[in-house]
Amino acid sequence: MKKILTNLTFWVLLSIVAGTLLGHYFPDLALSPIMDKPVKFSLILTSFEIKASFSEAFSSAFISLVKIFINPIIFLTITLGMISMGNLKKVGKVGAKALIYFEVVTTLALIIGVVVANVIRPGVGVERKHIAGGDISRYTQQVDDFTWAQFFWDNVTLQVLVLSLVLGIIFSNYSGRQKVVDFLNPIARVVFRALHKVMYLAPLGAFGGMAYTVAVYGIDTLLPLASLMVTVYITMALFIFIVLNLILRRYKVRIGRFLRYIREELLIVLGTSSSEAALPSLMEKLEKMGCSKSVVGLVVPTGYSFNLDGTTIYLSMAVIFLAQVYNVHLTFEQVLTVIGILMVTSKGAAGVTGSGFVVLASTLTAIKVIPVEGLALLLGVDRFMSEARAITNFIGNGVATIWISNNEGEFDREKMEAAFRE
């Protein structure tokens, strides 16, 4: 009993159940305001806000606390990893290999989403009049304004990644680089120690996130689009246990053991609907299980923006779903166009709130056969599917790091076995 009561996984799972019950049976309490308006502030290259409602305040406060650590951890991990690697040619090789891996796997995810949506056909027979639509104007207005330069400017994580790479290159060629290592290592230890303390608040974040989601959208809103939700969840489960499993089996790593190892982080992502909430902890656990610091530092932050397996599956399925709802027959050439567009635009579907809907709006605008207004049908259930997207993205980045570490000969299997036994 003592072991259970001191287990963070137990408390996060209990909080998810409690939040669901609160949101369903006492939605007014879950949404009751505790402040007149949200409080916005910035700290350590991170901007965030604490929400005004009771339940959302818990979730946003926890995620905001974790966000404080994301950029410092990325900076410290990449910089120290590159200095320890010493060979800049190897750094470029790992980076190039990571980008190629991301493109291949996310393209495969897109194709899987299109194929499954066309086989199961979740949009056939859906009555649009029975679905409560939402306001999509704020997403459609951003379509023409989207640029890669603006995406980079809005994505602080990418900026920190680039800065870390530049400084890593400079310090790798610096004769006194050991002094830099001796200075940064104690800072890294303090940052991770502080992160461990913050993670004790994860149950509160999971409780607030689930209470808010269920209270706002309600279980009843899921029924008209249940076929889409079930199809999305099944597809992502198949992707994880077949595709990602096969990728890990190449180096004799079992997906089940890995998922058990990161179970606490997965529950946090489930409760908060945000992969950011567990990103720093994932980086630490990957290093602990045998991935080299340099590979973890390069692959995980880059993958956060460019290796969005769950998001790409959802985007492709959403386009096909809307085509079926509106009885639009997409030709083979149009399907290839959808895949081609999403191969590029889906890379911008992270780091900026609402960017997933902007990507969908731009894709529908480009193919010009599916009404953009159809996005309103997805707003009600998007929050419930965001958990599946976030979890799949999260697992996908962990698998990518393990695969590239093994491929580069930068993986310690003894560490992995020791970590998995804990």
Nearest heavy-atom pair of S164 and F75: which atoms, and what distance? OG-CA, 3.2 Å
Should the heavy atoms of other residues, nucleotides or ligands under 6.0 Å from CZ of R263 be counted, would the total exceed 12? yes
With distance as the sole criterion, is a donor-acceptor pair present between the side chains of T337 and E333 under 3.5 Å? no
N/O donor-acceptor pair under 3.5 Å between S15 side chain and P203 backbone: yes
Could you go through the side-chain contact (heavy atoms from CB on, under 4.5 Å) check for K285 and Y261 one step at a time? CA-CA 8 Å; K285 279 201 167 182; Y261 177 59; 3.7 Å; yes
Test side-chain contact (heavy atoms from CB on, under 4.5 Å) on M385 and L228 and set out the steps. CA-CA 10 Å; M385 289 190 284; L228 174 62; 3.9 Å; yes
Mind checking the CG-CZ spacing from N397 to F306? Nearest 0.5 Å is all I need. 12.0 Å
Checking R389 against Y314: charged group under 6.0 Å from the ring centre and within 45 degrees of the axis? yes
Just do the side-chain contact (heavy atoms from CB on, under 4.5 Å) check on F394 and I262 with the steps written out, would you? CA-CA 10 Å; F394 191 78; I262 60 170; 4.2 Å; yes
Closest heavy-atom pair, V299 versus A98, reported as atoms and distance to 0.1 Å, is CG2-CB, 4.2 Å
Interatomic spacing from CD1 in I313 to CG in L308 - rounded to 0.5 Å: 11.0 Å
Any K252 side-chain heavy atom under 4.5 Å of R413 side chain: yes
Where do Y304 and S275 come nearest, in terms of heavy atoms and distance? CE1-OG, 3.8 Å
Contact check, side chains of V335 and I339, non-hydrogen atoms, under 4.5 Å: yes
Heavy-atom side-chain contact between T77 and K293 under 4.5 Å: yes
Using a 3.5 Å distance criterion without hydrogens, assess whether the side chain of N406 forms a donor-acceptor pair with backbone atoms of F411. no
In the structure I gave you, are the side-chain heavy atoms of F69 and L279 within less than 4.5 Å of one another anywhere? no
Could you walk me through whether L21 and V214 satisfy the side-chain contact (heavy atoms from CB on, under 4.5 Å) test, starting with their C-alpha distance in whole Å, then the side-chain angles of each, then the deciding distance to 0.1 Å, before giving a yes or no? CA-CA 8 Å; L21 294 175; V214 176; over 6 Å; no
Does any part of the side chain of L322, heavy atoms only, come nearer than 4.5 Å to the side chain of L378, both counted from C-beta? yes
Ignoring hydrogens and angles, tell me if any N or O in the side chain of D309 forms a donor-acceptor pair with the backbone of N393 under 3.5 Å. no
Counting only heavy atoms not in F241 (residues, nucleotides, ligands), do more than 12 fall under 6.0 Å from its CZ? no
Heavy-atom check, side chain of F321 versus side chain of I120, under 4.5 Å: no
May I ask you to decide if R257's main-chain N or O and R260's side chain share a donor-acceptor pair within less than 3.5 Å? no
I'd like to know if the side chain of N118 and the backbone of I320 have a donor-acceptor N/O pair within less than 3.5 Å. no
Can you confirm whether P301 sits close enough to I78 that some side-chain heavy atom of one is under 4.5 Å from a side-chain heavy atom of the other? yes
Can you give me the closest heavy-atom contact between T20 and M210, atom names plus distance? OG1-CE, 3.5 Å
Taking every non-hydrogen atom, the tightest pair across L80 and V181: CD2-CA, 4.1 Å
Grab the two heavy atoms, one from G209 and one from S59, that are nearest each other, plus how far apart they are. N-CB, 3.5 Å
For the NZ atom of K93 and the CD1 atom of I404, what is their distance to the nearest 0.5 Å? 12.0 Å
How long is the straight-line distance from CD1 of I402 back to CD1 of I255, given to the nearest 0.5 Å? 7.5 Å
Student check: side-chain heavy atoms of F62 and I268 closer than 4.5 Å: yes
Checking the side chain of K288 only, and the main-chain atoms of A419 only, is there a donor and an acceptor separated by less than 3.5 Å? no
Measuring from atom SG of C291 to atom CE of M283, what distance do you get when rounded to the nearest 0.5 angstrom? 11.5 Å
What's the spacing between F58 CZ and L201 CG if we round to 0.5 Å? 10.5 Å
